[in-house]
Amino acid sequence: MIKEKLSLVPNLPGCYLMKNYDGVIIYVGKAKKLKNRLSSYFRGKHTGKTAKLVSEIVDFEYMVVGSETEAFILEINLIKKYDPKYNILLRDDKSYPYIELSTEGIPKLSVVRNIHRKKRNREHLYGPYPNVTAARNTVNLLNRMYPLRKCSTYAKKPCLYFHIKQCLGYCTNQINPDYIHQMVIDIIRFLKGDHSLITKKIEEEMYLESSKMHYEKAKELKELLDYIKITLTRQKVEIGDTVDRDVWGYFQEKGYLSLQVFFIRGGKILERHSKIFPYVDEIEEEMSMYIAKFYEKNVIPPKEILVPEILDTELLSEYLKISVKAPQRGEKKRIIEMVSENAKIGLEEQFELINKDEERTVLANEELAKILNLKKLDRIEIFDNSNLFGTFNVSGMVVFKNGRPSKNDYRKFKISVDKNDDYGTMREVMYRRYFRVLKDNLEKPDLIIVDGGIGQMHVAREVLNSLNMNIMVVGLKKDDKHSTSQLLAFDPIEQIEIDKKSNLFYYLERMQDEVHNFTIHYHQQLRSKGSLESVLDMVEGIGSKRKKELLKKYKTITKLKTLSQEELSTILPPTVAQNLFQFLKEYNET
């Protein structure tokens with residue numbers, strides 16, 4: 001089927017969509033010549049992620065467009081729409097803080113992360129900064145040196161900042177606009193990398209305080225001066241200008257692509273960003289897509305971007321609407337080589353850690369799929385139940401995608417009936433979850449794990465059968481030490497031994513711990529909201545009269561917990577005191 005379709009593909013620019021046997025789109029790519037690019041997947045030998053991708057391809061679609069730029073834009077939109085598992089997505093990439101200088105009316109500084117808000121003027125954003133602490137320290141420094149507005153809303157009288165001379169009292173005083181304008185110019189110069197004005201200002205103030213024999217004050221100013229020289233004076237780059245630019249470099253080896261970008265602002269290296277990932281497509285395609293998505297999400301594009309020669313600069317310039325260049329000689333070329341060398345060092349340093357992480361997650365997930373004879377194991381949903389003597393009955397569901405937890409997909413279930421019935425709880429949560437999956441056409445899991453034995457597996461399977469859903473259900477059996485010992489699977493059910501030193505065992509244990517902790521935390525949240533009155537209702541021997549007396553005297557569960565059994569016996573019959581003490585002990589431990 002694939003060979004027949006390939007013979008019909010034209011050699012024109014466009015996008016292609018790879019599908020697995022479920023018809024799910026697992027990869028989106030673009031090409032100048034579709035036929036050549038698509039054919040390359042199905043001939044020759046592949047390694048790494050490309051080999052894994054090809055092994056899952058059952059079908060493909062393609063779309064022809066008028067130019068490579070159109071193909072690039074279409075590719076980005078298709079990735080957003082389908083979220084294919086083999087495409088690079090910036091899910092775990094950090095976002096960088098910026099400093100915003102509000103110049104409307106009275107100037108004010110603040111640290112921001114959301115750079116895409118409609119009301120935000122990008123011309124007044126400065127950065128990116130390495131972290132929030134660095135950005136806040138810079139804001140605090142400028143607030144100390146200049147009497148900027150500090151408050152969010154105007155008060156009716158000057159606040160403390162006015163009295164310590166760190167604000168001009170804009171709420172009650174008329175300030176000369178020329179003074180404010182000059183102050184804004186000075187601050188902008190500083191934020192763009194020129195620290196000379198503030199350095200000179202601090203030095204003059206330091207010598208003045210020293211001449212007055214205010215040595216503690218002079219020492220404080222000296223420390224501030226050192227902070228600027230050490231922390232804010234960054235590595236200077238000899239390019240011959242102060243144009244804001246980003247410089248990209250790369251290194252690839254053993255199926256991994258290492259990318260680095262240096263943020264150069266005001267002629268100095270402000271910060272750098274790195275990313276290492278297994279690649280599927282051609283290096284230039286992977287890198288171009290990463291750069292396009294990077295500026296869409298994380299960072300404001302500078303005036304100029306420098307990239308290696310392998311990239312299509314016209315394509316990136318047209319998409320990003322800024323100047324993208326690939327210098328072939330001179331200082332700019334040398335800086336790209338320096339960034340690429342850093343990318344190489346980064347990959348060499350991280351390679352062993354990346355390999356171990358891959359073994360613990362992706363490869364362990366593949367081993368589980370092999371043991372269970374599953375063609376595909378992209379999504380696992382794991383369930384656990386928790387209650388206290390049949391009360392505060394809850395269940396939790398956690399999701400692992402491609403070997404890693406997907407916290408946005410976690411779900412909590414408050415069970416409708418408060419009684420100690422694990423099978424009833426499992427029946428309710430299974431029905432609620434998978435009726436909703438059918439009703440709202442949500443993504444179905446490839447595997448369901450119940451943190452229990454054969455009985456809970458049977459209940460889960462019954463519910464799925466009633467909904468006509470064919471999803472494998474397995475259980476995790478524990479030994480006498482409450483440690484996972486066997487995997488329960490298939491029909492009839494088989495007990496599969498798992499090597500306790502294997503990555504698969506640690507993978508299953510990690511999923512089990514994750515769902516248990518998630519469910520217990522939810523259980524504790526509900527319990528913390530419960531009143532002492534509801535707790536006393538659960539203790540045998542405490543009627544309305546005794547409950548009323550205990551509520552009047554102790555008011556909270558915390559106070560009641562401080563009493564020993566002997567102390568409780570002074571206010572309750574011995575048997576009732578023992579019941580209450582034991583209940584509170586269990587309540588505290590679960």
Side-chain angles (χ1 to χ4, degrees), residues 27 29 40 44-54 79 84-96 128 130-131 234-235 237 245-264 269-299 305-313 316 324-328 332-366 401-404 503:
Y27 186 73
S40 70
K45 188 177 180 181
H46 299 287
T47 58
K49 280 291 181 194
T50 309
K52 187 71 174 67
L53 166 65
V54 172
I79 290 172
K85 74 172 186 176
Y86 283 102
N87 283 97
I88 306 163
L89 297 175
L90 307 181
R91 292 190 189 102
D92 58 346
D93 273 11
K94 65 184 287 188
S95 59
Y96 290 90
N131 51 56
R234 296 170 177 85
Q235 183 180 346
V237 182
R245 55 170 60 88
D246 291 348
V247 184
W248 287 83
Y250 79 97
F251 180 76
Q252 62 90 15
E253 190 175 63
K254 298 176 183 177
Y256 283 88
L257 177 60
S258 175
L259 300 180
Q260 284 220 13
V261 54
F262 280 20
F263 306 126
I264 299 176
I269 299 173
L270 186 69
E271 176 59 300
R272 69 175 179 176
H273 170 88
S274 61
K275 180 74 173 182
I276 301 172
F277 54 87
Y279 62 89
V280 173
D281 211 333
E282 302 291 340
I283 297 296
E284 56 267 32
E285 298 291 345
E286 295 273 19
M287 192 170 177
S288 294
M289 177 56 63
Y290 187 88
I291 291 173
K293 297 286 287 180
F294 182 77
Y295 289 109
E296 186 177 289
K297 180 179 178 181
N298 287 337
V299 175
I305 296 176
L306 303 182
V307 297
E309 293 178 59
I310 64 165
L311 297 189
D312 186 333
T313 55
L316 285 170
V324 180
K325 297 177 180 178
Q328 299 180 12
K332 292 180 180 180
K333 170 74 170 176
R334 188 195 66 79
I335 293 172
I336 290 176
E337 291 171 350
M338 178 183 73
V339 179
S340 294
E341 181 62 24
N342 276 271
K344 178 183 178 182
I345 293 169
L347 180 57
E348 289 171 346
E349 288 179 346
Q350 296 293 318
F351 190 75
E352 286 303 318
L353 293 174
I354 292 168
N355 261 350
K356 287 180 181 178
D357 180 63
E358 189 89 351
E359 289 172 1
R360 288 193 299 263
T361 55
V362 178
L363 296 183
N365 191 69
E366 290 176 6
K401 287 184 175 180
N402 302 310
R404 292 181 171 84
N503 285 315

Exercise for the section: May I ask you to decide if D281's main-chain N or O and E286's side chain share a donor-acceptor pair within less than 3.5 Å? Expected result: yes
Handout entry: Charged N-O contact under 4.0 Å between E359 and K356
Key = no
Problem - Distance-minimising heavy-atom pair for I310 and E284 - result: O-CB, 3.6 Å
Handout entry: Flag side-chain contact, heavy atom, 4.5 Å: I345 against Q260
Key = no
Handout entry: Minimal non-hydrogen separation, S258 against A343, with atom names
Key = OG-O, 2.7 Å
Exercise for the section: Kindly write out the residues that satisfy salt bridge (charged side-chain N to carboxylate O under 4.0 Å, His left out) with E309, not counting sequence neighbours, or none if the list is empty. Expected result: K333
Completion exercise
Shortest non-hydrogen pair, I264 vs D246, comes out as N-OD1, 4.2 Å
Problem - Non-hydrogen side-chain atoms of Y27 and K49 separated by less than 4.5 Å - result: no
Handout entry: Shortest non-hydrogen separation from V299 to Y96 and the atoms involved
Key = CG2-CD1, 4.0 Å
Practice task
Check whether NZ of the Lys or CZ of the Arg K275 lies under 6.0 Å from the centre of the six-membered ring of Y290 and within 45 degrees of that ring's axis.
Solution key: no
Completion exercise
For G249 and M287 the tightest heavy-atom approach is O-CE, 4.0 Å
Problem - Distance-minimising heavy-atom pair for S288 and L316 - result: O-CD2, 3.8 Å
Problem - V324 side chain near I291 side chain, heavy-atom distance below 4.5 Å - result: no
Problem - Euclidean distance, K45 NZ relative to T50 OG1, rounded to 0.5 Å - result: 13.5 Å
Practice task
Quick one: pull up CD1 in I354 and CZ in F277 and give me the separation to the nearest 0.5 Å.
Solution key: 11.0 Å
Practice task
Apply the test salt bridge (Lys or Arg N to Asp or Glu O under 4.0 Å) to residues E337 and R334: give CA-CA distance (whole Å), side-chain angles for both, the deciding distance (0.1 Å), then the verdict.
Solution key: CA-CA 5 Å; E337 291 171 350; R334 188 195 66 79; over 6 Å; no
Problem - Min side-chain heavy-atom separation I79-M289 under 4.5 Å - result: yes
